[in-house]
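Read through the structure below, which is laid out as structure tokens, and then see the notes.
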Number of protein chains: 2
Amino acid sequence: MNSLNPARQAPVTTADKIFETMQHEIVEGEILAGSKISEPELAKKYQVSRSTLREALNRLEKCHLIERKANVGSRVVECTVTGLLEIYIVREALEGMACRLAATAMADDEIAELQSILADHGQDKKLQDGVAYYQEEGDLDFHYRVIQGSNNQQLINILCGELYHLVRMYRCQFGMNSPRATRAYDEHKAILHAIADRDGELAEMLMRRHIAASRKNIERKLEQEKL
Amino acid sequence: MNSLNPARQAPVTTADKIFETMQHEIVEGEILAGSKISEPELAKKYQVSRSTLREALNRLEKCHLIERKANVGSRVVECTVTGLLEIYIVREALEGMACRLAATAMADDEIAELQSILADHGQDKKLQDGVAYYQEEGDLDFHYRVIQGSNNQQLINILCGELYHLVRMYRCQFGMNSPRATRAYDEHKAILHAIADRDGELAEMLMRRHIAASRKNIERKLEQEKL
DNA sequence: ATGTTTAAGATTGTCGACAATTTATTGGCA
DNA sequence: TGCCAATAAATTGTCGACAATCTTAAACAT
């Protein structure tokens, strides 16, 4: 999936590698959410100097995975319900707009390619039925391609560069194998149909509903867990 | 204006000060857009070590004022027409959503305060008439408060922390003393009215039109300059 | 003259050490 | 016992130097 990102450059410097390693560990929860980051400790763990580690920390901060306070240090971000819902709001606004733009900016062959990918997902879904994991990957893949299709570098940068891994982190740590798999698949089809029709207004509305439905689904689920 | 930002912490470390200095110089164009950043040169200019300067550069990158390539160096971002229009698109999506949220999240006294501020702007506008500068500040101020009113930390962070200074940079360098002053003022009043009515849907639509109108105004102006 | 290879110069990335600040610990006092 | 002050320990911020990489220049061959 990461390999699909054309903007992503291969990790050339050591700080790049430490960054990617830590990014993975934070997303997967191996480095616990909310935990304090000890620069000396981690520098020893990864066998690099503190300068190099700090360079990596700066990039983690750029994609909102850690937070720094002057003269105090860094902490991994907490995974709160509020934070999760806030991100869905941002995604609803930005991906909705991206979808509107994609309806006019995407080339015919890009749309065709995405249609065939979606068809593949449909078959896989039938095979695996309830198992939502693959669908999750597929969901990310679909959203990712629509964003790229917007052809707006600022949008792409924010969604694919700065928010993407934070979204993945929440998915991992809240264990989201949603029961919305088949419905989400249908919604994807409808969105893509609107894009193929070059109907930006409808495409935006459908994408916003799609993301809002996910958000409400989570709100509902978390409400039930409380009871 | 900056003093209105509650999230902003006073510059405590030397890297903070260098960051703010450079941020100002880039926004105002004293450090030219598109120019290459020489670490040794700037370190000498500001009388700090390269490590400290690099720390400042990292924060400039976070708010999209410079871009870095591994083993090559940093450049100040270019101010292109495409880039400007792209930012307006992002703002339309995000500030529209912020406005929708503000309609339900803002407290009554916050709304009242903003109304009185807007009234002051109206008087100042009458006094200074065509002079758009103060109105520009007022425009930023209004948008800023609506964003804060959304009470969504992710939104606030992106708009006020990461995009704010880039928007200011474009305003400075493209010399935007728009002739939309009085119309923008009326639009602000209508937006705030919708917020006071707690009509989020309308508030979002009006804010989106407001920003889209600005964008189209710029598109038109730049189109004319070409001819 | 032009294009390629090689070497020199300059720039960025990384390192370890020191200074400044914060946090933890200890001791004293109400 | 509980709270505050002073000290000790640990952590973050800053510095200058070295290593790796890129850029520029010069020399050479075609």
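Note that the structure is predicted; figures quoted are calculated from it, not measured.
Between His143(B) and His188(B), the ring planes are perpendicular. Angles over 60° get that label, and only those under 30° would be called parallel.
Going from atom CG of Asn71(A) over to atom C1' of dT23(C) covers 12 Å, rounded to whole Å. A straight line from CZ of Arg68(B) to P of dT11(C) spans 16 Å, rounded to a whole angstrom. One can place CD of Glu41(B) at 9 Å from P of dT11(C), the figure rounded to the nearest angstrom.
Within 6.0 Å of atom NZ in Lys44(A), 12 or fewer heavy atoms from other residues, nucleotides or ligands are found, so the atom counts as exposed in its surroundings.
In summary, contact between chain B and DNA chain D, defined as any nucleotide atom under 4.0 Å from a heavy atom of the protein, begins and ends at dG13(D) to dC22(D) in the 5' to 3' direction.
Of the possible donor and acceptor atoms, one in the side chain of Gln173(B) sits under 3.5 Å from a partner among the backbone N and O of Ile26(B). Between the side chain of Arg75(B) and the main chain of Ser35(B), no donor-acceptor pair closer than 3.5 Å is present. Between the side chain of Glu39(B) and the main chain of Arg50(B), no donor-acceptor pair closer than 3.5 Å is present.
Heavy atoms of Ser51(A) sit under 4.0 angstrom from at least one base atom. Within 4.0 Å (heavy atoms only), Ile18(B) reaches no atom of the nucleic acid at all. Contacts of Leu57(A) with the nucleic acid, taken as non-hydrogen atoms under 4.0 Å apart, are absent.
Toward the 5' end of DNA chain C, the nearer of the two residues Thr52(A) and Val72(A), judged by each one's closest nucleotide, is Thr52(A).
Ion pairing of Glu25(B) with Lys45(B) is present here, as a side-chain N (NZ or NE/NH1/NH2) and a carboxylate O approach within less than 4.0 Å.
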